Amino acid sequence: MTVDRPMFSVLGPLEVRLPGTAPRLGGPKPRMLLATLLLHANHTVGGDELAEVLWPDQRPRSAAANLRTYASALRAELGPSPARIRALGSGYVIELAPRELDLLLFEERVAAARERRARGRPDEAADLLARALALWQGVPLSDLPGSPLWDRRLGRLAQARLRAAEDLVELIMAAGEYGEAAGELRALLADHPFREDLWGRLMLALHWSGRQGEALRAFGTIREHLVSELGVGPGPELRRAHAAVLAGEPPPRPPAPRGLPVKPPVPVAPTTASGFPAGRTHPAHPVVPRQLPPDLVDFTGRAAEVAALTRALAPGGVAVVTGPPGVGKTALAVRCAHAVREAHPHGQLFLSLGGTDPRDGAAGSPAEPGELLAEALRALGAVEPLPPTVHERAALYRTLLAVRPMLVVLDDAAGTAQVRPLLPGGGSAVVVTGRRRITELPGAARIDLDALPQAEALELLRAIVGAERLEREPEEAAAIVRACGRLPLAIRVAGARLAARPGWSPAVLRRRLDDETVRLAELRAGDLEVRESFDRSYRLLPDDAARTFRALGLLGTRPLPGWVVDAVLDRHRSDAVTDVLVDANLLRPVGTDPLGQPRYRLPDLLRVDARDKAGELDIPALARVVAGWTAAAEHATARLPTTVFRLTSPAARRWRLPDDALRRVGAHPVSWFGAEHETLVEAVRLAAEAGLAGAAWGLAAALVPYFDLRCHLGAWEETHRVALEAARAAGDRAGEAAMLRGLGQVALYRDRYAQAAGMFRRSRVLFRTLGDVRGEAVSVCGLGAVGQFRGDHVAAFRHFRRALGMFVSLDDRSGEAYARQALGRSRLSAGDVNGAADWLAGALRMARELGDAHREGCVSLQIGRLHDLAGETGRAMRAQGRALTIFEGFGDRHCAAYAMQGLGGLQAARGDWRNGSARLESSLAIFRQLGDRSGEAATRRLLGELHRSSGRRALARGYLHAVTSRRVVEDAAISRD
């Protein structure tokens, strides 16, 4: 037979044949580039993929430029040939007609052969198949190093070659040319020595060509190979062929109808090697199941997961895909199964395991392994009655798949126990999907799906609704996918609703989804319903886990530490309940906090579902959680460097955390607050909304020392306003007084002096009415601070003296030390150096007796000012330096900024302008970041004066102008107060 050779060949060594010339393709990289383009002829190959082929270990920075050079050189060598290498976008394509590339010509001839066969012209089909197979000259691209990125294409080609050869053998045998068929089959078996179906056909071909002895020897050969190499006996097809040879069965007559060749019928052997009665369980002829559901044409994103799963589904591979309901586990498995199905020519099984399907009652009942094995065996052609036990069915299932490996999809698994009997072993590939985490399958690749990234979620919505419709309202489209929690099922439902309502704009659906109370009701279209998908997982939860799931839905959007589950259930060591929710993919671990505590959160839509299922608030559970936060916050607050403004609620409930958690909180209080303060703010709001006024203001008050230390004025004000409203609504006067006191301090820090004074006065009256002397003393201190900042030194001194008396009467030495420092500060502001020295000396002595280093730093700050006024610059600098060291040791940036301000001013006064200016700039940056307008203004004034005295008049004007402008604004604000 004449073999026509195309211009390009890849079905063997890479060859290029041009009329009258022998092109020089250069070194390995240009040849690898050409080979990659030829493997994907007439399709663009991306630049990144080409770079990965040429430089698999380390891509050079000049990769793109090198690709352009190689492509240009190839174009020059190909000259005027019909082939064209073009740059398209970020990739390249080679354009060829089928007759110009052996790969394309092979595929064209195979397709034509199948068309001829279907039209009843087997002779023409056989000729086309023979000519197609003659194009193969060995292993494709055997002269090149190869690339993992070629493997899928080359694997499909190998499977196509094998199928074409098998089709040719069928046509030859159907024509009665058994001797020729035997030769073709021996050639195939050289590459596929364990294909029992090929051995069976060889035996029959030899037998029908009069070579019965060779047929029996062939059976002995393959039987020996199977036993020695694989540890299994011949399968049913081989045994039937053996029986046909022994019985001397003649070839089928008449020959198969034209165009519809069939394999010769083979009688069933009297018994089977596995001991089952003849004809009971083994297929009469091989059945090739093609059970994959249709692929989703609008499947979007998941590039990394698709790549990982398709790699894992090589013959013999096992992969497990898990994730929360509606995340697209089955869609991913089906997409990847379709992508690799040509690597599994014996068939694809798809079994629905019903892990969350509502069977036999509302609680659900997953399918039994025995039932599933029966379904699989029937799909494989086994004849009833089937073996009675699960063990026997599993053994037969593995036997059938050992000789004909397939791709098996086990969808919606309930757990490992259900899956294990369905694992075929051998060369079959298996992908398991399930909502529960399945980690006990040895060697399985695990892929855990989460919500789609925002960009991919939008892409999916565009694919369903249409890009043009969404591009008119991009912000609304983005809000829709966020409301859907970026969950593929929810996005499909939302997209279906929009697609079915062309009169709706995306804004209409967005508004309907904004309301969380009806969001899940809106996410329903036809037989797609998000809530029903969630319900299938919820119905399987034990009672404690279901109660916890509902309660967590009420606790806001922030990640939560594990002890919250203990508080919900009012017991310690509830890890088992947490594990149930995590393993069911209803609760997501989101790492650990700085103290090493694991944290969890409900995915967005599951949180909405949990809250809906909770119905009325689980007030006792919520109260225990807030009580746990309050106990932890007070435990941490007691270990902060300063607690002078702390007010507590005797009536607020405390729920004790586990000892280990409390030890972590106490050892690292600032880190704990840093990790939790946003969650604590939300807890105050939740308590207030639930009518737990005492819990709300008790927790808000416990947060004050941390907010003061870190200058979190926004969170301070937010929590206190929410708790103040709750306290007033409940008639809780203690809570009202405490929250007014805290809000007054925030107003003071923000230079809203009239507002601060009003709040301090109201809180003082309330505390006095309640007989709370310490609360009144703290409020009076606030009035003293207002007087000092307004320049009313007499009023300031009077208030601080009154507060000192109250603290002394309570034997509150910490409060007394604060009041003495405040009195010294007020005397200092009034210019009374001697009076200030006495008060500050007493405050310093008490701070050291108490071991209150932070108070010592505050007093040292004022002593530095005192020495400065006395002209003792060296002593002033040492005192300010001591204060700065203390504050930086505590991480108190706010107080440290004041120490930097004082130290920088002193350095500048001594002529050390560079270091002084640097310290002042550092303090200015901190004041601006923390929103301390008074500190910022004072530092700007110092910098302006410093630059003016050093002759930098332009710089000086800039700083001083900013101070003047700020003062005008502040005066206007004060007048409004």
Side-chain angles (χ1 to χ4, degrees), residues 40 43 46 49 52 147-160 288-353 355 376 379 401 405-413 419 422-439 441 443-453 456-457 459-460 463 487-489 491-492 585:
H40 302 84
H43 292 85
E49 184 174 348
E52 184 69 22
S147 168
L149 297 179
W150 292 354
D151 291 349
R152 184 183 300 177
R153 179 64 167 138
L154 294 179
R156 289 198 296 264
L157 278 173
Q159 293 297 328
V288 181
R290 308 287 187 189
Q291 295 186 338
L292 293 180
D295 194 7
L296 292 173
V297 295
D298 54 7
F299 183 93
T300 300
R302 305 284 195 206
E305 292 86 352
V306 168
L309 185 52
T310 50
R311 282 196 304 269
L313 293 183
V318 179
V320 178
V321 181
T322 57
V327 81
K329 300 175 291 295
T330 301
L332 175 68
V334 170
R335 163 54 58 100
C336 294
H338 277 285
V340 302
R341 64 182 177 182
E342 293 186 6
H344 303 277
H346 293 299
Q348 303 90 40
L349 286 173
F350 185 94
L351 297 176
S352 179
L353 277 57
L401 290 184
M406 298 185 184
L407 173 62
V408 180
V409 181
L410 305 177
D411 187 52
D412 193 20
V419 168
L422 301 170
L423 296 178
S428 293
V430 182
V431 56
V432 182
T433 75
R435 300 184 181 191
R436 296 187 57 80
R437 295 176 186 272
I438 298 176
T439 58
L441 300 181
R446 291 192 292 273
I447 298 171
D448 188 26
L449 294 186
D450 205 344
L452 289 169
E456 292 183 6
E459 184 181 348
L460 176 58
L487 201 65
L489 174 62
I491 294 169
R492 288 194 176 280
N585 269 299

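Every heavy atom of this structure was used, including side-chain atoms; hydrogens, water molecules and symmetry mates were not. Everything quoted here is computed from the prediction, not taken from an experiment.
Of all the heavy atoms in Leu349 and Ala379, the pair that sits closest is CD2-CB, 3.7 Å. Considering every non-hydrogen atom in both Ala429 and Leu313, the closest pair reads CB-O, 3.6 Å. The minimum heavy-atom distance between Pro488 and Gly328, with the atom names listed, is CG-N, 4.5 Å. Considering every non-hydrogen atom in both Pro424 and Val430, the closest pair reads CD-CG2, 3.4 Å. Scanning all heavy atoms of the two residues, the minimum distance from Ala343 to Pro315 falls at O-CG, 4.5 Å. Of all non-hydrogen atoms in Gly326 and Leu487, the two that sit nearest each other are O-CG, 3.3 Å.
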Side chain to side chain contact (heavy atoms under 4.5 Å, CB included) evaluation trace for Val409 with Gln291: CA-CA 9 Å; Val409 181; Gln291 295 186 338; over 6 Å; no
Criterion side chain to side chain contact (heavy atoms under 4.5 Å, CB included) on Leu353 and Leu422, from CA distance to verdict: CA-CA 10 Å; Leu353 277 57; Leu422 301 170; 4.0 Å; yes
Worked check of side chain to side chain contact (heavy atoms under 4.5 Å, CB included) between Leu449 and Val321: CA-CA 7 Å; Leu449 294 186; Val321 181; 3.9 Å; yes
Criterion side chain to side chain contact (heavy atoms under 4.5 Å, CB included) on Leu332 and Val327, from CA distance to verdict: CA-CA 9 Å; Leu332 175 68; Val327 81; over 6 Å; no
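When only modelled atom types and interatomic distance are considered, Ser352 and Asp411 share no side-chain donor-acceptor pair under 3.5 Å. Using modelled atom types and a 3.5 Å distance limit, the side chains of His344 and Arg341 yield no donor-acceptor pair.
The OG1 atom of Thr433 lies 6.0 Å from the CG atom of Asp412; values are rounded to the nearest 0.5 Å. Rounding to the nearest 0.5 Å gives a distance of 10.0 Å between CH2 of Trp150 and NE2 of His40. For the atom pair Asp448 CG and Thr439 OG1, the distance stands at 11.0 Å (nearest 0.5 Å). Note: Lys329 NZ to Ile447 CD1 = 13.0 Å, rounded to the nearest 0.5 Å. The structure places NE2 of His43 at 8.5 Å from CZ of Arg153, a figure rounded to the nearest 0.5 Å. From Glu459, atom CD reaches atom CG of Asp298 across 10.5 Å, with rounding to the nearest 0.5 Å.
Between the Ser428 side chain and the Leu407 main chain, no donor and acceptor come within less than 3.5 Å of each other. Between the side chain of Glu456 and the backbone N or O of Arg302 there is at least one donor-acceptor pair closer than 3.5 Å. Side chain of His338 to main chain of Pro293: a donor-acceptor pair is present (N/O by atom type, distance under 3.5 Å, no hydrogens or angles).
Counting heavy atoms from C-beta outward, Leu296 and Val334 have side chains that stay 4.5 Å or more apart. Using a 4.5 Å heavy-atom threshold, the side chains of Thr300 and Leu452 count as separate. The shortest side-chain heavy-atom distance between Leu401 and Val408 falls under the 4.5 Å cut-off. The closest side-chain heavy-atom distance from Arg437 to Asn585 is below 4.5 Å. Looking at Val419 and Val320, their side chains never come closer than 4.5 Å, going by heavy atoms from C-beta outward.
Within 6.0 Å of the CZ atom in Arg446, the count of heavy atoms belonging to other residues, nucleotides or ligands does not exceed 12.
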